[in-house]
Amino acid sequence: RASSATDALQTCEREWHLLQSYISYHDIRAQHGLDDIAASMRRLCETVIHDEAQAPPHALGTCFAYLVENNILNDLVSLCLPDEPLGILDEFLRMCTTLVRHIHVPWFLANEGVAHALLQLLRSCNKKQQKPPGLVELVGVRAQAGREGALGVEVHHEHLAPVARERGAEVDGGGRL
């Protein structure tokens with residue numbers, strides 16, 4: 001596990017670049033397969049959660065800031081929707097469910113990038129008549145908690161942009177997922 005914010009950020013960057021190459025390029029995807037992609041998603045998710053837990057209260061951890069600033073969740077949705085290799089969409093669902101379950105700051109689901117990625121994912125599941133295990137319930141509970149708490153957020157490190165300061169991101173016109 002990364003012990004410092006810099007190490008965690010380097011791990012996030014490395015795993016994101018691996019995921020991009022695994023999922024984007026057929027020859028690399030065929031060589032590595034679902035197990036390598038799933039392991040990289042788990043490492044990315046674990047690093048984000050660990051880094052977020054180390055951040056001061058109501059501050060944005062460096063890894064989550066990196067995910068948001070680089071629109072990684074939306075890119076992962078786009079890369080995973082074709083479900084090639086078969087099962088990658090389920091792995092991404094597990095990753096999103098884990099993030100929602102473990103990141104307890106109230107502004108998490110209010111962030112426009114996070115909300116958009118989850119909405120895209122849920123719509124895809126709906127089209128395929130696939131129920132994401134636990135994600136819908138978790139998103140509903142977290143969204144309710146986010147509406148009840150303050151959404152102001154600081155960035156844990158100065159060199160990162162304060163992307164999580166957006167308030168009241170609406171997803172469905174009514175502010176619900």
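Applying the side-chain hydrogen bond (donor to acceptor under 3.5 Å, both in side chains) test to Asn74 and every residue at least two apart in sequence or in another chain returns Asn71, His116. Residues passing the side-chain hydrogen bond (donor to acceptor under 3.5 Å, both in side chains) test with Asn70, sequence neighbours excluded: none. For Ala53, the side chain to side chain contact (heavy atoms under 4.5 Å, CB included) test picks out no residue, with sequence neighbours left out. Glu91 pairs by the side-chain hydrogen bond (donor to acceptor under 3.5 Å, both in side chains) definition with Arg94, not counting sequence neighbours.
The backbone N or O of Thr98 sits less than 3.5 Å from a side-chain atom of His102, completing a donor-acceptor pair. Although no hydrogens or angles enter the test, the distance criterion places no donor-acceptor pair under 3.5 Å between the side chain of Ser40 and the main chain of Ile37. No donor-acceptor pair under 3.5 Å is formed between the side chain of Asp51 and the backbone N or O of Ala8.
When all heavy atoms of Thr47 and Cys63 are compared, the pair lying nearest together is CG2-SG, 3.9 Å. Smallest separation of non-hydrogen atoms from Leu60 and Ala55: C-CB, 4.4 Å. Taking all atoms of both residues into account, the shortest heavy-atom contact from Leu86 to Leu34 is O-CD2, 3.4 Å. When all heavy atoms of Val77 and Leu121 are compared, the closest pair comes out as CG1-N, 4.4 Å. Between Val48 and Ile103, the shortest heavy-atom contact is CG1-CD1, 4.0 Å.
The side-chain heavy atoms of Cys45 and Leu99, taken from C-beta on, include a pair separated by under 4.5 Å. Inter-residue side-chain proximity for Thr97 and Val100 is flagged as unmet; no heavy-atom pair is nearer than 4.5 Å.
Between Phe92 and the choices Leu81, Leu73, Asp83, the side chain to side chain contact (heavy atoms under 4.5 Å, CB included) rule is met once, by Leu73.
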